[in-house]
Asker: 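Can you keep this structure in mind? I'll have questions shortly.
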Amino acid sequence: MPSGIENSVREIPPEALDLLALPELDTLNADRARGAVCLWCPERLTVETAVDLGERTGDDGRWWPRACGPCVGRRAHAALYDHVARCEPCVDDVGRCVTGLALSRLVRRHRR
């Protein structure tokens with residue numbers, strides 16, 4: 001795994017990734033399931049354009065979802081908006097919450 005992709009996954013806590021509302025594996029076509037196409041749009045992915053969303057485990061087995069940066073940024077923005085409304089530390093300072101901070105970083109890194 002290229003170091004840039006590996007490092008980006010390590011920086012994102014699982015709690016933040018869980019808030020991105022990934023589709024179920026059994027609803028994806030083969031290209032989306034194997035990470036060749038973004039989970040949410042028709043963008044074909046390369047090592048340079050893919051955002052690795054970590055390993056997922058479910059009833060259908062293990063998989064490694066990937067998406068394009070703009071879709072991750074939009075999903076992270078929506079998740080952050082929802083999270084901040086429910087998280088007391090984030091109301092005062094989003095930097096005090098690991099999940100809020102991770103979502104904020106995803107928004108900044110992947111907004112277009």
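Keep in mind the model is a prediction, meaning the values are calculated, not measured. Scope of the values below: all heavy atoms of this structure, side chains included, with no hydrogens, waters or symmetry mates.
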Asker: Are Asp31 and Arg44 side-chain neighbours, meaning at least one heavy-atom pair lies under 4.5 Å?
Answerer: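 Yes - at least one pair of side-chain heavy atoms lies under 4.5 Å apart.
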
Asker: So which heavy atom on Leu45 is nearest to which on Gly35, and how close?
Answerer: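 Closest pair (atom of Leu45, atom of Gly35, distance): CD1-O, 3.6 Å.
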
Asker: Could you please spell out the steps behind the side-chain contact (heavy atoms from CB on, under 4.5 Å) verdict for Arg74 and Leu20?
Answerer: CA-CA 9 Å; Arg74 283 189 293 277; Leu20 297 183; over 6 Å; no

Asker: Do you know which two heavy atoms are closest between Pro23 and Thr27, and how far apart they sit?
Answerer: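 Nearest heavy atoms, Pro23 then Thr27: CB-OG1, 3.9 Å.
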
Asker: So which atom in Leu25 and which in Ala33 form the shortest heavy-atom distance, rounded to 0.1 Å?
Answerer: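 Looks like CD1-CB, 3.8 Å.
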
Asker: Is any side-chain heavy atom of Leu103 less than 4.5 Å from a side-chain heavy atom of Arg75?
Answerer: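 They are not in side-chain contact.
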
Asker: Side chains of Trp40 and Cys68: closer than 4.5 Å at any heavy-atom pair?
Answerer: no

Asker: Rounded to the nearest 0.5 Å, how far does CZ of Arg105 lie from CG of Leu80?
Answerer: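 It is 12.5 Å, given to the nearest 0.5 Å.
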
Asker: Determine yes or no for a side-chain-to-main-chain donor-acceptor pair under 3.5 angstrom, with Ser104 supplying the side chain and Gly100 the backbone.
Answerer: yes

Asker: Quick check: closest heavy atoms across Glu15 and Leu19, and the distance to 0.1 Å?
Answerer: O-CG, 3.3 Å

Asker: Nearest 0.5 angstrom please: Glu88 CD to Arg96 CZ, how far?
Answerer: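 It is 8.0 Å, given to the nearest 0.5 Å.
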
Asker: Got a donor-acceptor contact below 3.5 angstrom from the Arg32 side chain to the Cys38 backbone?
Answerer: yes

Asker: Got Cys71 and Leu39 here, is their nearest side-chain heavy-atom distance under 4.5 Å?
Answerer: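 No, their side chains stay 4.5 Å or more apart.
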
Asker: Flag the pair Val72 / Leu53 as yes when at least one side-chain heavy-atom distance between them is below 4.5 Å, and no otherwise.
Answerer: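 A side-chain contact under 4.5 Å exists here.
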
Asker: Test side-chain contact (heavy atoms from CB on, under 4.5 Å) on Leu17 and Leu22; report intermediate values, then the result.
Answerer: CA-CA 9 Å; Leu17 287 175; Leu22 274 59; over 6 Å; no

Asker: Determine the minimum heavy-atom distance between His110 and Gly69, stating which atoms define it.
Answerer: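 For His110 versus Gly69, the nearest heavy atoms are CB-O, 3.0 Å.
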
